[in-house]
Amino acid sequence: AAFSLVFLAFTIVEYRYGMLQRGRDGRGGLIDAARDPTLDLYGWDQVADQIRKLRLVEKPGTFVFTRFWYQSAQLAHALDGQQTVLCYNAADPRGFAFWSRPDDWVGHDGILVVVGEPEAWAVYYGRWFSRVEMVSDFWVEREGKPVRRIGLYRCIHQRVAYPFALDRETRLARNILPPDVSRTSR
């Protein structure tokens with residue numbers, strides 16, 4: 001039990017302060033920032049603050065989205081549930097595929113949040129919108145050290161619904177009906 005408590009305390013301290021994190025110049029620390037597992041949970045408040053500071057979600061109907069469900073979940077929490085957050089991932093949107101219909105967002109603007117190298121994803125998502133514009137490119141910092149690059153893009157006027165792997169009814173049928181029945185109903 002003592003080991004578990006010490007490990008938990010150590011993890012919390014690492015999450016907050018990044019004491020094991022190596023700087024961008026390669027000096028100090030034991031862990032490269034890109035490999036620090038606590039970073040998946042860290043910095044979403046900074047992303048939400050940047051979205052608010054830039055007033056990106058003031059237009060009614062504007063939604064925020066990411067490529068990965070876990071990033072969308074972190075972002076929804078950081079935005080205090082005051083903004084619609086979606087996950088545009090055709091293969092694995094998890095619960096985000098069930099919370100709204102893809103057609104609901106046609107005609108609306110979206111704010112794409114990309115972690116890492118954002119340019120390729122902006123091009124990818126551009127096919128569903130009339131235009132995609134870079135709004136901000138910044139680094140999430142922990143204790144003054146940059147740890148994660150974030151790109152924010154304004155995706156203007158969604159032209160067509162984003163194609164999740166299957167519509168809601170087909171996914172439900174696939175999970176409920178026997179395989180031979182669900183295959184013939186497509």
Side-chain angles (χ1 to χ4, degrees), residues 15-18 21 23-25 32-90 92-164:
Y15 165 79
R16 175 63 183 95
Y17 299 106
Q21 175 187 311
R24 281 184 57 183
D25 60 2
D32 182 39
R35 296 187 173 275
D36 186 342
T38 64
L39 285 180
D40 284 339
L41 307 172
Y42 188 83
W44 292 102
D45 55 336
Q46 293 175 43
V47 176
D49 289 346
Q50 186 76 349
I51 289 170
R52 288 185 193 109
K53 182 177 115 184
L54 295 172
R55 305 171 73 171
L56 298 177
V57 292
E58 289 187 350
K59 181 180 175 185
T62 300
F63 61 94
V64 180
F65 69 105
T66 75
R67 170 140 177 83
F68 299 104
W69 64 268
Y70 53 89
Q71 292 175 349
S72 293
Q74 291 287 349
L75 194 53
H77 180 72
L79 288 167
D80 299 322
Q82 296 177 2
Q83 189 62 43
T84 300
V85 179
L86 305 174
C87 175
Y88 274 16
N89 184 320
D92 188 13
R94 302 278 167 116
F96 288 92
F98 295 100
W99 295 332
S100 66
R101 301 185 69 88
D103 292 344
D104 293 348
W105 306 105
V106 173
H108 294 277
D109 293 351
I111 303 302
L112 170 61
V113 178
V114 182
V115 176
E117 300 299 322
E119 295 82 10
W121 291 117
V123 171
Y124 170 78
Y125 287 112
R127 68 183 89 174
W128 286 279
F129 293 88
S130 296
R131 191 169 73 247
V132 176
E133 302 171 345
M134 166 64 92
V135 177
S136 181
D137 186 18
F138 65 99
W139 285 84
V140 166
E141 293 186 356
R142 179 164 62 184
E143 291 298 306
K145 298 176 188 174
V147 293
R148 181 168 281 162
R149 183 178 174 201
I150 304 291
L152 299 177
Y153 292 85
R154 185 185 323 270
C155 302
I156 299 168
H157 187 79
Q158 186 169 339
R159 297 178 296 116
V160 294
Y162 185 80
F164 291 116

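For reference, positions follow the sequence shown, starting with 1. Computed from a prediction, not measured in an experiment: that's the story for all the values here.
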Subject >> CZ-CD1 distance between Phe138 and Ile150, expressed to the nearest 0.5 angstrom >> reply: 5.5 Å
Subject >> Approximate separation, where rounding is to 0.5 Å, of Phe68 CZ and Arg94 CZ >> reply: 11.5 Å
Original post:
Ring centroid separation for Tyr125 and Phe65, is it under 6.0 angstrom?
Top reply: yes
Original post:
Salt bridge or not for Asp45 and Arg52, using N-O below 4.0 Å?
Top reply: no
Subject >> Any donor-acceptor pair under 3.5 Å from Gln71 side chain to Cys87 backbone >> reply: no
Subject >> Aromatic ring proximity Tyr124/Tyr88, centre distance under 6.0 Å >> reply: no
Subject >> Note, Val135 side chain near Ile111 side chain (heavy atom, < 4.5 Å) >> reply: no
Subject >> Check: Trp128 ring centre within less than 6.0 Å of Tyr162 ring centre >> reply: yes
**OP:** Flag yes if more than 12 heavy atoms outside Arg127 fall under 6.0 Å of its CZ atom; otherwise flag no.
**Re:** yes
Original post:
Is there a donor-acceptor contact under 3.5 Å from the side chain of Thr66 to the main chain of Ser72?
Top reply: yes
Original post:
Is Arg149 reaching over with its side chain to a backbone N or O of Trp139, donor-acceptor style, under 3.5 angstrom?
Top reply: no
Original post:
Rounded to the nearest 0.5 Å, how far does CG of Leu112 lie from CG of Leu86?
Top reply: 11.5 Å
**OP:** Look up atom CD in Gln50 and atom NZ in Lys53, then write down how far apart they are to the nearest 0.5 Å.
**Re:** 4.5 Å
